[in-house]
Amino acid sequence: MKHENRIHFLTHKTHEWMLSFIIETADGKIIVIDGGTAGDAEHLLDNLKAVTGSDTPTVDVWFLTHPHLDHTGALIQLVSTDAPVIIKQIYHHFPSRQFLAKYDVNIGATHIDKFYPIRAKIADVLEFATQGDTYQVGEAKFDILYTHDASFTEEAYNDSSMVIRITLAGQKLLILADLAKSGGKKLLAMYGDELKSDFVQMSHHGQGGVRRDVYEAVAPKCCFWCATQQLWDNDVGLGFNTHGWKTIETRTWMEEMGVKHHFIIKDGDAHLTLPYDLD
Ligand SMILES: [Fe+2]
């Protein structure tokens with residue numbers, strides 16, 4: 001199987017928002033970021049089969065950004081059903097269930113509790129990644145720029161997001177996951193203009209995540225939006241921009257910053273070969 005340096009940005013297969021990337025390197029390494037909901041597992045597996053040319057694909061490294069089920073559900077589904085996929089390493093940096101139970105007044109520990117039952121099955125490959133770590137996976141470099149800070153309790157799950165910068169084929173992709181205001185502020189204070197990246201995955205599905213100043217430091221040429229049609233238009237049936245989401249605000253920031261390239265999960269899968277022409 002001939003491999004290329006590619007970003008595979010996968011669409012949603014349920015009505016829910018989700019985040020799922022496959023990173024493929026020219027020297028044949030396969031990395032997954034999150035994977036989406038349980039309902040997205042089959043689509044992810046189909047794509048892994050296609051990318052690897054194998055009915056039992058191998059994932060070299062799987063990063064889980066945080067324990068919300070729109071990020072962890074697919075992995076939980078694949079592992080709990082003994083799906084034909086070989087996973088050599090999983091990195092995460094989840095807060096404790098006690099922390100989430102205490103600070104998330106809506107869902108408490110319910111999402112991380114879905115992850116706990118699979119831990120015995122993945123114990124040999126599960127590792128704790130920490131801010132400051134760097135992982136070289138074939139030609140791709142993964143810098144862990146931020147992990148959970150226990151002083152950020154207001155958005156307990158989202159601000160526990162692992163922020164990952166991927167460098168491949170001379171281009172940089174910043175994964176913000178669902179990072180919220182406090183985490184974004186800290187990220188900017190730590191790195192400033194060093195955040196500059198060619199591609200950015202828009203935090204928290206493109207709304208209500210990090211503030212505009214973070215994106216200005218990133219100065220992306222291309223945005224990945226994990227937004228369904230409803231979320232993209234902030235419209236659940238009553239018309240454009242009539243719901244409570246902030247997507248249009250974020251879209252306006254990107255317009256004003258002159259970003260020309262956008263990929264949105266509502267439009268289906270996107271497969272980009274790197275280096276990607278961003279002019
Ligand atoms: Fe999410």
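Order of appearance sets the numbers: ligands from 1, and atoms from 1 within every ligand. Computed from a predicted model, the values in this text were never measured in an experiment.
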Test of understanding: with salt bridge (charged side-chain N to carboxylate O under 4.0 Å, His left out), list the residues that count as partners of D133, not counting sequence neighbours.
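Scan of D133 (salt bridge (charged side-chain N to carboxylate O under 4.0 Å, His left out), adjacent residues dropped) gives none.
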Residues which pass side-chain hydrogen bond (donor to acceptor under 3.5 Å, both in side chains) with T65, listed by chain and number, not counting sequence neighbours:
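For T65, the residues satisfying side-chain hydrogen bond (donor to acceptor under 3.5 Å, both in side chains) (neighbours in sequence not counted) are D34.
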Can you classify the ring geometry of H66 versus H71 as parallel (below 30°), tilted (30 to 60°) or perpendicular (above 60°)?
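It falls in the tilted class, 30° to 60°.
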Is it the case that H271 and H8 place a side-chain donor and acceptor less than 3.5 Å from each other?
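Their side chains do contain a donor-acceptor pair, which is all the 3.5 Å distance test asks for.
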Please, which pairs that meet salt bridge (Lys or Arg N to Asp or Glu O under 4.0 Å) have at least one residue in residues 146-162, sequence neighbours excluded?
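Salt bridge (Lys or Arg N to Asp or Glu O under 4.0 Å) check on residues 146-162 returns D149-K186, E155-K181.
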Show all protein N/O/S atoms under 2.8 Å from the Fe ion (ligand 1), or state that there are none.
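D70 OD2, H71 NE2, D178 OD2, H205 NE2, with waters left out.
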Distance to the ring centre below 6.0 angstrom and angle to the axis at most 45 degrees; does that hold for R251 and W232?
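Judged by the rule (NZ or CZ under 6.0 Å from the ring centre, within 45° of its axis), R251 counts as positioned above W232.
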